[in-house]
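The structure appears below as C-alpha cells.
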Amino acid sequence: MPHPSTPATTRPVLDSPHSAVALVATVPVDSSDGGLAAAEAAARAGGEADAWPQGLLSSSVYVSNTGDTVLTYTQWGSEEALAEALEDAGPATAWPPGLDALPGAGTPAGTPFRHYRAVLGTAPADPAALTESFPVAFFDTADAAAAEEWLDGLLASEESSEGADRAYPGAVAAHLHISLDGTKVLSFSEWLSEEQAVAHIEEVWAPVLEEFGGTGTLYRHVGTRLRP
C-alpha cells in the first residue's frame with residue numbers, strides 16, 4: 001500500500017523528462033543535533049509550492065549521516081527559469097533562499113547539473129518501500145566530453161565485471177549528472193537501506209573515489225515538495 005503523500009514520504013523523480021536542469025548545493029551546518037534542525041529549516045525555506053518561482057518543479061533536502069552537511073536538490077524546467085530565480089535570490093547561488101541563515105552555512109554555492117544517465121537497480125518496485133539512503137559523490141572533470149567518456153567507460157567496466165543486471169541488494173537507481181560547464185560529475189544513488197548502501201560503497205565506490213579523487217557522502221532524506 002503506498003504511503004500517504006507528505007514531504008517526508010515524497011521522493012523526487014531524478015530522471016524526470018520534465019527537468020532540464022538540477023541545482024545541487026551542499027551546505028555545512030551545525031551538527032550538534034545531527035543537522036536535523038538545519039535540514040528542516042532548509043526544507044521550510046522554499047515556502048509552499050504555489051508560491052514558487054516559475055519553472056521550479058521540485059525541491060528536496062537531505063542531511064548527511066554525520067549531521068554536518070545539508071544537501072539541496074532542486075529541479076527546474078529550463079535553464080532560463082533557474083537563472084531568473086537565482087538573479088532574484090541575492091548573492092547566494094543556491095536554492096532555496098535563506099540557506100545562508102543556517103548556522104555555519106556561509107554563502108551557499110550551488111552547481112547546475114544535467115541528468116546524463118540512470119542505471120536501475122534490482123530492488124523490487126514496491127510503492128511501500130521508500131528509498132532511505134542516498135550515497136552522493138562528486139568528481140572533477142576537464143569538460144563535458146571528458147565527463148561523458150569517463151562515465152560511459154566506468155559503467156561499461158562495471159557491467160563487464162558485475163553483469164548487466166547489476167544485482168546489488170537494495171539498489172534502486174544510480175543517477176549520473178554532468179554540470180552544465182562540464183567540470184563536475186555527480187553520482188546520486190537511491191537505496192532501500194543504509195546497510196545495503198554502505199556495503200556497496202565499501203565494495204564498489206570506495207576504490208573509485210580513491211582512484212579518481214572524488215568526494216563521497218552518505219545522506220538521508222528530510223523532505224521533498226513538488227509543484228502541484
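No experiment lies behind these values; they were computed from the predicted model shown.
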Non-neighbouring partners of H177 that pass ring-ring contact (aromatic ring centres under 6.0 Å, His included), sequence neighbours left out: Y73, H115

Please answer: with hydrophobic residues joined when any side-chain heavy atoms are less than 4.5 Å apart, are L186 and W150 in the same cluster? no

Specify whether H200 and W191 have parallel, tilted or perpendicular ring planes, treating 30° as the upper limit for parallel and 60° as the lower limit for perpendicular. tilted

Please tabulate, one pair per line, all N/O donor-acceptor pairs under 3.5 Å involving side-chain atoms of residues 129-137, not counting sequence neighbours.
residue : atom : partner : partner atom : Å
T131    : OG1  : R11     : NE           : 3.4

According to a hydrophobic-cluster definition based on side-chain heavy atoms being under 4.5 Å apart (Ile, Leu, Val, Met, Phe, Trp, Tyr only), do V208 and Y219 belong together? no

Using atom types as modelled and distance alone, determine if a side-chain donor or acceptor of T141 lies under 3.5 Å from a backbone N or O of G182. yes

Same cluster for V119 and V13 if Ile/Leu/Val/Met/Phe/Trp/Tyr side chains link at under 4.5 Å? no

By the ring-ring contact (aromatic ring centres under 6.0 Å, His included) test, which pairs, at least two apart or in different chains, include something from residues 33-52? none

Result block: side-chain N/O donor-acceptor pairs under 3.5 angstrom for residues 16-26, not counting sequence neighbours:
residue : atom : partner : partner atom : Å
S16     : OG   : H18     : N            : 3.2

So, do D140 and T183 sit near enough that their side-chain heavy atoms are less than 4.5 Å apart? no

Can you name the nearest heavy-atom pair linking R227 to P53, along with the distance? NH2-O, 2.5 Å

Is it true that the side chains of T224 and S60 contain a donor and an acceptor less than 3.5 Å apart? yes

Measure the OG1-CZ distance between T215 and F138 for me, rounded to the nearest 0.5 Å. 6.5 Å

How are the rings of Y62 and F188 set relative to one another: parallel (under 30°), tilted (30 to 60°) or perpendicular (over 60°)? perpendicular

Could you please spell out the steps behind the salt bridge (Lys or Arg N to Asp or Glu O under 4.0 Å) verdict for E148 and R114? CA-CA 12 Å; E148 291 184 10; R114 61 182 174 91; 2.6 Å; yes

Nearest 0.5 Å, please: how far is CZ in R220 from CG in L71? 13.0 Å

Contacts of S58 meeting side chain to side chain donor-acceptor pair (under 3.5 Å) (sequence neighbours excluded), chain-then-number -> Q75

Is a donor on one side and an acceptor on the other found under 3.5 Å between the side chain of T10 and the backbone of T6? yes

Residue pair V172, L192: steps toward the side-chain contact (heavy atoms from CB on, under 4.5 Å) verdict: CA-CA 7 Å; V172 175; L192 294 181; 3.8 Å; yes

For the residue pair T217 and S64, what are the closest heavy atoms and their distance? CG2-CB, 3.7 Å

Is there a path of hydrophobic side-chain contacts, each under 4.5 Å between heavy atoms of I, L, V, M, F, W or Y residues, that connects V27 with L36? no

Would you compute the distance between atom CH2 of W95 and atom CG of L82 and round it to the nearest 0.5 angstrom? 9.5 Å

Yes or no on side-chain contact (heavy atoms from CB on, under 4.5 Å) for T69 and V29, after CA distance, side-chain angles and deciding distance? CA-CA 6 Å; T69 306; V29 297; 5.8 Å; no

The remaining residues in the hydrophobic cluster of L226, counting side-chain heavy-atom contacts under 4.5 Å among Ile, Leu, Val, Met, Phe, Trp and Tyr, are none

From S187 OG over to H175 NE2, what is the distance, rounded to the nearest 0.5 angstrom? 9.5 Å

Out of curiosity, L151 CG to I178 CD1, how far, rounded to the nearest 0.5 Å? 5.5 Å

Which pair of heavy atoms, one from A39 and one from V63, lies closest together, and at what distance? CB-CB, 4.0 Å

Carefully, step by step, assess E190 and L14 under the rule side-chain contact (heavy atoms from CB on, under 4.5 Å). CA-CA 10 Å; E190 300 171 295; L14 299 185; 4.3 Å; yes

Enter the distance from L154:CG to E149:CD here, rounded to the nearest 0.5 Å. 12.0 Å

Between Y116 and D15, do the side chains contain a donor N or O and an acceptor N or O under 3.5 Å apart? no

Under the criterion side-chain contact (heavy atoms from CB on, under 4.5 Å), I'd like the reasoning laid out for L99 against T72: C-alpha separation, chi angles, the key distance, then a yes or no. CA-CA 9 Å; L99 292 178; T72 61; 4.1 Å; yes

Without hydrogens or angle criteria, can the side chains of W76 and T74 be said to hold a donor-acceptor pair below 3.5 Å? yes

